[in-house]
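The structure appears below as structure tokens.
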Amino acid sequence: NAQTIKLPRMAVTGYKDHTRTPGFNAGTLSNDWEAKKLEHDRDVEFWIDPMDIEEYIKAHTDPEPELLQQLGRDVHLRLLYPRMCSGHVQGRLLKMLTAMVAPQRVLEIGTYAGYSALCIAEALPEGAHLDTVEIDDEMEDFIRSRFGRSPHGHKITLHIGDFSRIAPSLQPGYDLAYMDANKRTYTETFTLVRKLVRPGGFILADNTLWDGKVTDTTRHHDQQTLGIAEFNDTIAADPSLEKVILPLRDGLTLIRIKT
């Protein structure tokens with residue numbers, strides 16, 4: 001009997017369900033999407049194993065520098081919530097986006113272990129600078145030790161504390177900002193960040209799909225989901241912003257402040 005394998009996030013929909021057709025032959029689905037030619041009562045979803053896709057993407061993406069590979073291992077061995085670390089593919093994307101924007105000044109909110117900061121700094125030319133803010137003072141020694149091992153660590157200034165208190169001390173005019181902080185207050189954080197980023201500048205916001213929970217806030221109504229959903233709605237409704245959500249990992253929103 002033919003079976004439909006359902007694994008999330010890689011759906012290709014719109015084809016008909018042959019499994020309910022008398023005399024159905026599974027081979028008909030493998031011949032150049034011949035499924036489109038047959039008509040039956042309901043749609044079926046064909047799913048691709050996301051683990052296969054993830055490994056394929058990693059294999060066809062530039063490798064991490066050795067220092068970042070070691071940092072990733074340390075995160076999984078020594079820290080809580082290792083999923084908070086950007087990781088290989090998103091880290092390479094952050095580096096590339098930074099190189100494309102070619103910023104002189106970058107702001108990051110939510111340093112965690114320093115992985116994303118090092119990816120951003122890797123793409124910064126000499127003379128450019130990254131300010132990164134981490135609220136957890138217990139992470140300071142871990143972060144500073146990793147920055148100290150990197151040839152790009154001198155491009156980074158680490159600020160320890162609540163961003164809402166640190167923001168007034170920062171000089172406006174950042175070219176690029178990366179948000180990966182408390183999801184409960186994402187909208188409030190964005191408001192502060194926007195004041196610091198120049199017109200025409202870019203803001204990247206991480207985790208904006210939140211495991212898909214944002215699509216149903218009546219079912220998923222924890223404060224983190226509601227905070228991200230509010231942020232997404234606020235950004236979508238603002239005509240002074242260009243925006244697009246990339247379905248990478250847990251969602252990455254690219255925002256440009258119109259001039």
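Throughout, residue positions are numbered sequentially from 1 according to the sequence presented.
- Shown here is Q70, whose CD atom has more than 12 heavy atoms of other residues, nucleotides or ligands within 6.0 Å.
- Residue R73 qualifies as enclosed at atom CZ: its count of foreign heavy atoms under 6.0 Å is above 12.
- Residue L118 forms a side-chain contact (heavy atoms from CB on, under 4.5 Å) with just one option from I143, L71, T132, and that option is L71.
- Cluster membership for L241 and Y186, using ILVMFWY side-chain heavy atoms within less than 4.5 angstrom, is shared.
- The pair K183-E230 fails the salt-bridge criterion, with no side-chain N (NZ, NE, NH1 or NH2) lying under 4.0 Å from an Asp/Glu carboxylate O.
- In plain terms, the two heavy atoms of L209 and P247 that are nearest each other are CD1-CA, 3.9 Å.
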Q: I would like to know whether E64 and K58 meet salt bridge (charged side-chain N to carboxylate O under 4.0 Å, His left out); could you show each step before the answer?
A: CA-CA 10 Å; E64 304 163 283; K58 286 180 180 179; over 6 Å; no
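- Although no hydrogens or angles enter the test, the distance criterion places a donor-acceptor pair under 3.5 Å between the side chain of D175 and the main chain of R105.
- Two different hydrophobic clusters hold I203 and L176 under the rule that ILVMFWY side chains link at heavy-atom gaps under 4.5 Å.
- Between D222 and R184 there is no salt bridge, since none of the side-chain N atoms of the basic residue sits less than 4.0 Å from a carboxylate O of the acidic one.
- Using modelled atom types, no side-chain atom of K258 and backbone atom of S240 make a donor-acceptor pair closer than 3.5 Å.
- Counting only heavy atoms from C-beta outward, the side chains of I255 and L204 never approach each other to under 4.5 Å.
- With respect to D74 and R146, a salt bridge is recorded, a charged nitrogen being found less than 4.0 Å from a carboxylate O.
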